[in-house]
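Quantities reported herein were computed from a predicted structural model and do not represent experimental measurements. Order of the sequence lines sets the chain letters (A, B, ...), proteins ahead of strands, with each chain counted from 1.
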Amino acid sequence: MRKILFIAAGVLFISGSYAQNIDRSHAPKPGPAPVIKLKDPVVYTLKNGIKVLVVENHKTPMISASYYIYTGPVKEGDKAGAMGLMGRMLNEGTQHMSKAQFDLAAEQDGTSISLNSSGGSVAALDRYFDKGLGLMADALRYPALAQSSFDKLKTQELNGLKISEKSINTIASNVTSALAYGKQSPLGEFETSASVNNIALADVKDYYQKYITPSNGYLTIIGDIKPEQAHKLAEKYFGDWTGAKITVSQIAPVENPATTEIDLVDVPSAVQSVINVTNVISLPLDNPDYFSALIANQILGGGSDAYLFKDIREKHGFTYGAYSSVSGGVHQTRFNANAAVRNAVTDSSVMLFMQNIKKSGMVKSTRICSETPKRLSTATLRSVQKHRPNCRFCQKYYDLSPA
Amino acid sequence: MLLRSKGSLLIAGALLLSMASSAQEVKFTEYDLDNGLHVILHQDHTAPVVAVSVMYHVGSKNETPGLTGFAHFFEHLLFEGSENIKRGEFMKIVSAGGGQNNANTTQDRTFYYEVFPSNQLKLGLWLESERMMHPVINQIGVNTQREVVKEEKRMRVDNRPYGHLMEDVFKNLFTKHPYHWQTIGSMDDINRAKLSEFQDFFKKFYTPGNAVLSISGDLNIDSTKALISSYFGPIANGPKVVQPSIKEDPITHQIIDTAYDANIQVPALLTAYRTPAENSKDAVALQMISSILSGGASSRLYKELVDDKKTALEVASFNYALEDYGAYLVLAIPNGATPLDSLLQAFDTNIKELQTNLISEKDYQKILNQAEMDLSTRAIPV
């Protein structure tokens with residue numbers, strides 16, 4: 001009897017994972033929405049003002065950390081490229097170790113460290129994290145800033161500029177920002193061989209003093225570590241650091257051209273044209289239109305189901321991809337729609353961009369409602385809850401209850 | 001590739017998995033359906049998402065000369081719809097379901113995937129089984145995607161600085177084997193491809209027995225198995241796919257070639273060796289050699305050429321490992337007026353050193369640490 005029960009149970013079990021009849025003619029309905037659980041980071045503030053954020057993730061035996069300094073856009077003027085060079089100089093050894101010693105100390109452990117003009121990052125296996133964080137702190141606090149390294153990097157920078165000189169993407173990106181914001185704005189200036197030639201080691205040292213500091217600093221530690229332990233390490237390596245106070249500079253807002261302007265750059269070697277359709281926008285996160293703008297952009301050019309992709313690629317076959325982007329911030333940002341198209345259809349593609357932008361401006365709200373998912377992404381949802389808890393537009397179209 | 005991608009091509013493959021597997025184990029369930037479809041399931045509840053993917057054992061090495069680029073072109077056509085999915089609906093269904101998707105093609109295989117919230121597992125299975133069972137490929141799709149693929153080639157290859165480098169290397173390393181040509185193919189061949197040929201290609205290569213379905217994420221193994229039988233079980237298998245078996249003759253003398261590129265101002269020097277297949281032990285050794293030669297600023301070539309002698313702007317070496325053969329590449333971009341000969345000499349001296357002397361115990365520990373770190377980093381996403 002017992003044996004028979006076992007066999008019956010076995011049969012049941014097998015049939016449990018057997019094929020069921022399904023209806024193929026329609027997309028299957030989703031199951032109940034899963035719950036997204038995101039824990040808030042543990043936050044500490046050091047005496048020098050550095051905010052330490054810790055997120056535990058014990059999936060693999062590694063820990064990563066990043067130090068980020070919010071400097072805001074920095075105007076470099078006729079020395080464009082100086083901030084970037086300063087950031088690269090932080091990877092050139094410290095007052096305690098030559099570059100070769102520093103690189104080997106990290107890489108021997110499989111640790112990766114990189115520094116730039118707004119901080120740096122480190123990733124290491126658990127057993128080497130203490131040492132790795134110490135190395136990153138040493139590079140930030142006591143960089144060698146030697147003349148020989150500066151000469152090497154400056155030559156590399158000048159040669160690197162030559163490599164991208166004929167890249168239509170680089171040209172388009174530089175020219176578009178300069179036209180939109182003006183070359184006088186830190187948002188519109190770009191690096192050239194002339195501006196790099198103007199940079200001296202003293203400029204790098206000056207930028208280092210001003211911008212690599214505990215002021216406006218955020219140390220984020222993520223991985224296989226307890227918050228108390230992370231806090232202790234942050235104190236150990238950053239606790240007694242002092243430096244200049246950062247004041248984020250104001251940037252005068254710029255106006256868009258009164259009528260649509262077309263600017264052309266001839267690149268004879270190119271087999272495609274890069275098209276950017278852009279304008280400058282002021283869209284701080286608390287602007288009542290912030291989320292409407294993100295959603296309108298999603299419909300216009302947010303992906304392969306959006307107007308631009310469906311029309312310029314899927315209907316006309318003019319491009320590999322056409323997209324648009326919009327973002328908000330403290331300073332002015334840009335709306336930008338972009339595609340690379342074969343030369344012969346450049347003008348037709350510009351027409352299609354303009355038509356689709358016009359069309360997206362006339363989208364009725366019912367259409368948004370039926371065509372976009374009813375749930376916002378978790379990140380967006382948290383942002384709405386924090387910045388726009390009473391946003392009527394969002395409440396109308398989205399389920400804003402905590403996921 | 002069907003859409004632009006934000007990440008870069010990860011050349012360091014699954015080889016490193018075997019090196020540090022003692023420290024970190026990846027659990028999975030693996031079996032075959034009666035129709036030959038190979039299934040791999042991996043459970044991971046870290047985030048409520050699920051990735052559904054199908055890999056077909058077909059790539060540009062299965063193409064015939066005169067129809068290069070065909071396998072990749074075909075990948076684009078499998079987004080055109082099916083008997084139950086109207087043309088243009090595929091992408092809409094994915095994004096309305098809160099998902100993302102893409103596909104890519106190499107010399108050896110074609111890969112399709114969707115990532116969905118985990119309550120949409122069925123939707124992913126339906127989309128992939130529709131694609132395998134009865135896709136609709138028609139003339140309008142062929143005409144449109146032909147132009148899209150040509151734009152992809154212009155953007156990713158023809159207009160990109162050094163974009164033709166791999167093409168120039170592979171046509172010299174391989175003379176008989178289809179690795180001779182690139183996955184993107186030639187403009188002439190892309191123009192030549194016909195609808196009927198695509199339909200034949202589907203019948204020949206897109207069979208369950210020539211595919212691997214792998215699903216990972218927030219799922220239940222038993223109920224997922226049942227769903228897989230429902231969606232994929234009814235698909236009939238086709239004739240067994242015969243993979244090309246083409247032996248190259250040994251390269252007996254050095255080949256020197258110069259290629260020109262209208263997009264660049266600064267030359268690049270590259271040396272290439274034909275190497276063993278990706279699943280050989282040697283391929284793992286070559287991977288380790290890349291760490292020694294150019295993995296990080298303390299590696300031998302980087303330290304010597306970029307930091308000490310300052311003769312190179314950039315130096316890289318890696319094993320481009322494929323199913324039948326590999327290509328080991330060492331390349332550098334000179335800094336300023338550095339003669340290319342001096343870079344070549346440095347490559348040769350360093351390779352000779354590796355051929356003659358063992359690496360130190362310390363170097364060996366460094367490689368192991370780097371491999372463990374690499375695995376830890378890659379094990380975090382679903």
Side-chain angles (χ1 to χ4, degrees), chain A residues 16-22 24-28 30-36 57 59-62 99-100 103-104 107-112 123-125 152 155-156 159-160 162-168 269-272 303-305 310 313-315 317-321 340-342 373 375, chain B residues 3-4 23-24 46 48 84 88 91-93 95-98 117-120 122-123 126 130 143-144 146-148 150-152 154-155 158-159 161 218 222 225-226 229-231 233 262-266 296-298 303 307 310 313 333 335-336 362 365-366 369-370 372-373 376-377 379-380:
Chain A
S17 65
Y18 229 65
Q20 309 279 314
N21 280 330
I22 48 156
R24 288 205 153 267
S25 62
H26 292 94
V35 178
I36 300 169
N57 181 341
K59 197 175 169 189
T60 61
M62 65 167 282
K99 178 175 196 295
D103 292 337
L104 186 62
E107 290 171 9
Q108 181 65 38
D109 300 343
T111 298
S112 58
L125 293 164
K152 177 187 80 177
T155 314
Q156 283 182 0
N159 284 313
K162 262 193 212 158
I163 290 182
S164 54
E165 205 165 82
K166 287 188 179 178
S167 153
I168 55 169
S269 58
V271 298
Q272 276 182 323
S304 54
D305 185 38
K310 291 213 132 180
R313 169 170 150 155
E314 292 296 304
K315 186 168 171 204
F318 288 171
T319 183
Y320 178 51
V341 304
R342 61 182 172 275
R375 275 216 85 84
Chain B
L3 305 168
R4 70 170 175 191
Q24 294 162 47
T46 310
N84 296 309
M91 303 297 201
K92 194 170 166 176
I93 292 168
S95 61
S118 52
N119 62 328
Q120 295 278 20
K122 273 190 204 170
L123 186 60
W126 179 69
E130 281 291 302
N143 294 348
T144 312
R146 193 192 312 278
E147 295 310 314
V148 171
K150 282 155 67 181
E151 292 310 316
E152 180 175 0
R154 289 187 184 102
M155 187 177 102
D158 300 344
N159 235 11
D218 180 27
D222 287 333
K225 279 182 170 177
S229 332
S230 304
Y231 282 98
N263 299 315
I264 64 168
Q265 305 276 58
V266 180
S298 65
K303 184 174 179 301
D307 277 345
K310 304 174 182 60
L313 276 183
I333 295 176
N335 191 16
K362 199 176 169 213
Q365 281 307 321
K366 181 180 175 188
N369 281 336
Q370 289 177 342
E372 191 183 346
M373 187 61 198
S376 297
T377 311
I380 291 209

- Give, for atom CE of B:Met155 and atom OG1 of A:Thr319, the distance between the pair rounded to the nearest 0.5 Å. 7.0 Å
- Item | Rounded distance (nearest 0.5 Å) linking atom OG1 of B:Thr46 with atom CG of A:Asn57 | 7.5 Å
- From OG1 (B:Thr144) to NZ (A:Lys315), nearest 0.5 Å: 11.0 Å
- Query: Hey, are the side chains of B:Lys303 and A:Asp103 touching, using non-hydrogen atoms and a 4.5 Å cut-off?
  - Reply: no
- Item | Least distance between heavy atoms, B:Ala297 atom then A:Lys99 atom | CB-NZ, 3.6 Å
- A:Ile22 versus B:Ser230, closest heavy-atom pair with distance: CD1-O, 3.7 Å
- Do the side chain of A:Lys310 and the main chain of B:Gly88 share a donor and acceptor less than 3.5 angstrom apart? yes
- Item | Contact class of A:Ile168 relative to chain B, heavy atoms under 4.5 angstrom | side chain
- Message: Among residues at least two apart in sequence or on other chains, which ones pass side chain to side chain donor-acceptor pair (under 3.5 Å) with B:Glu130?
- Response: A:Arg24, B:Ser82, B:Asn84, B:His134
- Turns out that what part of B:Lys310 lies under 4.5 Å from chain A's heavy atoms comes down to side chain
- Message: So, taking the atom named NE2 in A:His26 and the one named CD1 in B:Ile93, what distance separates them when rounded to the nearest 0.5 Å?
- Response: 10.5 Å
- Message: Are the side chains of A:Pro61 and B:Ser376 in contact, using a 4.5 Å heavy-atom criterion?
- Response: yes
- Task: Can you see which heavy atom on B:Lys362 is nearest to which on A:Leu104, and at what distance?
- Result: NZ-CD2, 3.8 Å
- Do the non-hydrogen side-chain atoms of B:Met373 and A:Asp109 ever get within less than 4.5 Å of each other? no
- Task: With sequence neighbours left out, write down each residue that passes side chain to side chain contact (heavy atoms under 4.5 Å, CB included) with B:Glu147, or none if nothing qualifies.
- Result: A:Arg342, B:Lys150
- Item | Max heavy-atom pair count under 4.5 Å with chain A, selected residue of B:Gly233, B:Pro117, B:Ala262 | B:Ala262
- On a heavy-atom basis, the closest approach of A:Ile36 and B:Pro48 is CG1-CG, 3.8 Å
- Item | Backbone N/O of A:Val271 and side chain of B:Asn159: donor-acceptor pair under 3.5 Å | yes
- Task: Mind listing the closest non-hydrogen atom pair of B:Glu151 and A:Gln272 along with its distance?
- Result: OE1-NE2, 2.8 Å
- Side chain of B:Asn369, backbone of A:Gln108: donor and acceptor closer than 3.5 Å? yes
